[in-house]
Trainee: 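So that we are looking at the same thing, I have put the structure below in structure tokens.
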Amino acid sequence: MTDGIQKDRLEKLLAMQQAGVDAYPPRVPRGIHIGPVLREFDASIGKTVTFCGRLGQVRDFGKLRFSHLSDRSGSIQVGFERDHLPDFWPDRKRVEANDLVAITGELGRTQKGEPTLWARDVVLASKALRAAPEKWHGLQDQEQRYRQRYVDLFASEDVRKTFLLRSQIVREVRAYFDSLGYCEVETPILQPIFGGAAARPFKTHHNALDMPLYLRIAPELYLKRLIVGGLERVYELGRVFRNEGISTRHNPEFTMIESYEAWADYRDIMDRVEGLFAHLCGAVLDNRTVVTFRDKQFDLKPPFQKASYLELFKQHNSGLDWFDHTAVVQRARQLRLPIDGIAPHKLANDVFEATVEDTLQGPIFVYDYPVAISPLAKRTTADPRVTERFEFFVCGMELGNAFSELNDPIDQEQRFQQQLLHVDEEQPSEMDVDYVTALEYGMPPAGGLGIGIDRLCMLLSGSNSIRDVVLFPLLRRVEQDATVQASSAPPTPKGPQPKTAGS
RNA sequence: GGGGGCGUAGCUCAGCCGGUAGAGCAGCGGCCUUUUAAGCCGUAGGUCGCAGGUUCGAGCCCUGCCGCCCUCACCA
């Protein structure tokens, strides 16, 4: 722990403590936010205020010192004058960049017009024992940015802005569904049978019940039980977990919203998606509709493009029929896709993803997916091989998935049976019988929707990696420094070391 | 899991052909009451990711390992 602590800072701390200063006082004068004051600064000149925040680099002129003080809302210059700070002056060099302080002073401007808080009282709120990253370059090391997000956040205004934007997006997504009469619900994260998507789950165990459990890969099957129960419009915004690869678009735990609306079909849900984007552009992008993502511009103003899944498949595979297995295998071979042991419908979808997905600049709705890859969606009346389902894409990235929910219990049971023929790690090994039972009690026609909130945030904030919109992305654990372990647990001379909490 | 790149002072980065470990910022001492990447003078600071190997000699070459980034595969 003492590894990164700077000796000089520790010495300053000790010197102040010996002089009777509490470097970590229980409370300090509470201030007001800097940002609002700066926005109407001229009206505040001459007033005495208190600001609390983190101190920036000090510019020292002997009897005069300047620094900046930053809080969440903004940053203002602080002027320290010897003649106005008789009590603080002896400690001036012990309170330095990165320390947290509460400063009371008079608002004014310098000769060059810079808004400045002329300090009259400085209270140390918390002494920092580590230095902040260099002001000019900031924190460049990606790994350190993710592992020590707290540093990244205070060192970079852009990072702060991104996560404040995310907070706003989440709030406005909720507001949108709330405004349509949806109610927010919470369903189990620990599930005895996982379902609602195709993905490998995380497995865990409940001791008292001596029962294996899975962390949910989707809330879908529980939410539709609530539609059976008559809640009519529900959504859940929360974490799901998929035990799969990590990439710039995938984090093992991610946030998604799923919504279900009774008496609606997938066309209605398209309207919901467009409505949501319109709402978000208004509420979090100041009515901008064009965003820059991965060096391209995308106009999120509805209506979005629409294209049929099977048509797109044909277009990008020289007229190939999705259902012609022999031809699909041939094409897959041509594309050098893995073929062995892949179920026909999965292979055909692999070909779709390999040939079509990257071309979907969007925003675009891709609609009417084959039933074989849509086990929970209702068939179209025109073609029973196809379902009323759409996904929507921006920049080749899938943002969401929606369909007219299958409410025919007999069809649903058959499809579950069908899935059990191709059991792999991504499929539950048993049927969710209770879900079928729920459908047997009768579920109204309903339209459902799932949206990846992290990806939505990537798009709206222009972030290239999901890790830039997840505060603490999953990273491999690094072995703690030996000195840390030694100081946190007394060494035992023999026998195996008990594992410390968190290991 | 495959391919590519990276890891040097608290931070940002140099380091040639293998020959004493470098700069800027931050720190410390000094000067300065209008700076805002302040300036000037001085000073201190290193497990070169870890472990081996080759060599008279390794930050540099070789092998293994650890971690991160990009990319492909799987997925949303």
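Throughout, a chain's letter reflects where its sequence line sits, starting with A, and its residues are numbered from 1.
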Trainee: May I ask you to decide whether A/E96 forms a salt bridge with A/K127, counting only side-chain N to carboxylate O separations under 4.0 Å?
Mentor: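 Salt bridge between A/E96 and A/K127, a charged N being under 4.0 Å from a carboxylate O: yes.
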Trainee: Tell me whether the OP1 or OP2 atom of B/U71 has a side-chain N or O from A/T248 closer than 4.0 Å.
Mentor: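 The answer is yes; a side-chain N or O of A/T248 sits under 4.0 Å from OP1 or OP2.
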Trainee: Check every strand shown and say whether A/E391 touches a base, only sugar-phosphate, or nothing at a heavy-atom separation below 4.0 Å.
Mentor: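 Since no nucleic acid heavy atom lies under 4.0 Å of A/E391, the category is nothing.
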Trainee: Please list, in numerical order, the residues of residues 251-259 of chain A that have a heavy atom closer than 4.0 Å to any atom of RNA chain B.
Mentor: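 Contacts with RNA chain B under 4.0 Å: A/N251, A/F254.
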Trainee: Could you write nucleotides 32-38 of chain B as a row of B, S and -, 5' to 3', where a protein heavy atom under 4.0 Å of any base atom gives B, of only sugar-phosphate atoms gives S, and otherwise -?
Mentor: BBBBBBB
Trainee: Rounded to whole angstrom units, what separation is found between the CG atom of A/D350 and the P atom of B/A73?
Mentor: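 Distance check: A/D350 CG to B/A73 P gives 10 Å.
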Trainee: Using the test ring-ring contact (aromatic ring centres under 6.0 Å, His included), find all partners of A/Y235 that sit at least two apart in sequence or belong to another chain.
Mentor: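 So A/Y235 forms a ring-ring contact (aromatic ring centres under 6.0 Å, His included) with A/F177.
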Trainee: For A/D271, give me all partners under salt bridge (charged side-chain N to carboxylate O under 4.0 Å, His left out), at least two apart in sequence or on another chain.
Mentor: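 So A/D271 forms no salt bridge (charged side-chain N to carboxylate O under 4.0 Å, His left out) with any residue.
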Trainee: From NZ of A/K12 over to C1' of B/G10, roughly how many Å is that when rounded to an integer?
Mentor: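 It is 12 Å, rounded to the nearest whole Å.
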Trainee: List for me each residue that meets salt bridge (charged side-chain N to carboxylate O under 4.0 Å, His left out) alongside A/R272, sequence neighbours excluded, and say none if there are none.
Mentor: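 In terms of salt bridge (charged side-chain N to carboxylate O under 4.0 Å, His left out), with neighbours along the sequence ignored, A/R272 is linked to A/E261.
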Trainee: Show me the pairs that pass ring pair (Phe, Tyr, Trp, His ring centres under 6.0 Å) and involve residues 138-159 of chain A, at least two apart or across chains.
Mentor: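 Applying ring pair (Phe, Tyr, Trp, His ring centres under 6.0 Å) to every pair that reaches into residues 138-159 of chain A, excluding sequence neighbours, yields nothing.
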Trainee: B/A76 P sits how many Å from A/I217 CD1, rounded?
Mentor: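 About 9 Å, once rounded to whole Å.
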Trainee: Tell me whether the rings of A/Y309 and A/F313 are parallel (<30°), tilted (30 to 60°) or perpendicular (>60°).
Mentor: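 A/Y309 vs A/F313 ring planes: parallel.
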Trainee: Under 4.0 Å, counting only non-hydrogen atoms across every strand here, what does A/L475 touch: a base, just sugar-phosphate, or nothing?
Mentor: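 Sugar-phosphate only.
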Trainee: When the distance from CD of A/E353 to C1' of B/A76 is rounded to whole Å, what number comes out?
Mentor: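 Spelled out: CD on A/E353 to C1' on B/A76 is 10 Å.
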Trainee: Just the rounded figure in Å: distance from P of B/A76 to CG of A/N243.
Mentor: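 That distance rounds to 14 Å.
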Trainee: Considering Watson-Crick and G-U wobble pairs with both distances under 3.5 Å, what does B/C61 pair with?
Mentor: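 By the stated definition (distances under 3.5 Å), B/G53 pairs with B/C61.
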Trainee: Just how far, in rounded Å, is P of B/A73 from CZ of A/R242?
Mentor: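 Atom-to-atom, A/R242 to B/A73, this comes out as 19 Å.
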Trainee: More than 12 non-hydrogen atoms from neighbouring residues, nucleotides or ligands closer than 6.0 Å to CZ on A/R72, yes or no?
Mentor: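 Not buried by this count: 12 neighbours or fewer within 6.0 Å.
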Trainee: Please say whether more than 12 non-hydrogen atoms of neighbouring residues, nucleotides or ligands are located less than 6.0 Å from CD in A/Q142.
Mentor: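 Count over threshold, so yes.
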Trainee: Return whichever of A/E96 or A/D454 has its heavy-atom-nearest nucleotide of RNA chain B closer to the 5' end.
Mentor: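 Residue closer to the 5' terminus by nearest nucleotide: A/E96.
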Trainee: Would you say a side-chain N or O of A/K93 is under 4.0 Å from OP1 or OP2 of B/A26?
Mentor: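 Answer no for this pair, as no side-chain N or O of A/K93 is under 4.0 Å from OP1 or OP2.
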Trainee: Sort out the partner of B/C68 for me: Watson-Crick or G-U wobble, both distances under 3.5 Å, none otherwise.
Mentor: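 Matched B/C68 with B/G5 under the 3.5 Å cut-off.
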Trainee: Atom CZ of A/R94 and atom P of B/G27: how far apart are they, to the nearest Å?
Mentor: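 Computing the A/R94:CZ to B/G27:P distance gives 16 Å.
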Trainee: Without hydrogens or angle criteria, can the side chains of A/R166 and A/T255 be said to hold a donor-acceptor pair below 3.5 Å?
Mentor: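 Yes.
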Trainee: For this output row, return yes or no: ring centroids of A/F277 and A/F304 closer than 6.0 angstrom.
Mentor: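 That pair passes the under 6.0 Å test.
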Trainee: Rounded to whole angstrom units, what separation is found between the CG atom of A/D152 and the P atom of B/C68?
Mentor: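 Answer to the nearest Å: 16 Å.
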Trainee: Does A/R147 have a side-chain nitrogen or oxygen under 4.0 Å from the phosphate oxygens OP1 or OP2 of B/C68?
Mentor: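 For B/C68, OP1 or OP2 has a side-chain N or O of A/R147 closer than 4.0 Å.
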Trainee: What contact category does A/R467 fall into here, base, sugar-phosphate, or nothing, at under 4.0 angstrom with non-hydrogen atoms?
Mentor: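 Since only primed, P, OP1 and OP2 atoms lie under 4.0 Å of A/R467, the category is sugar-phosphate.
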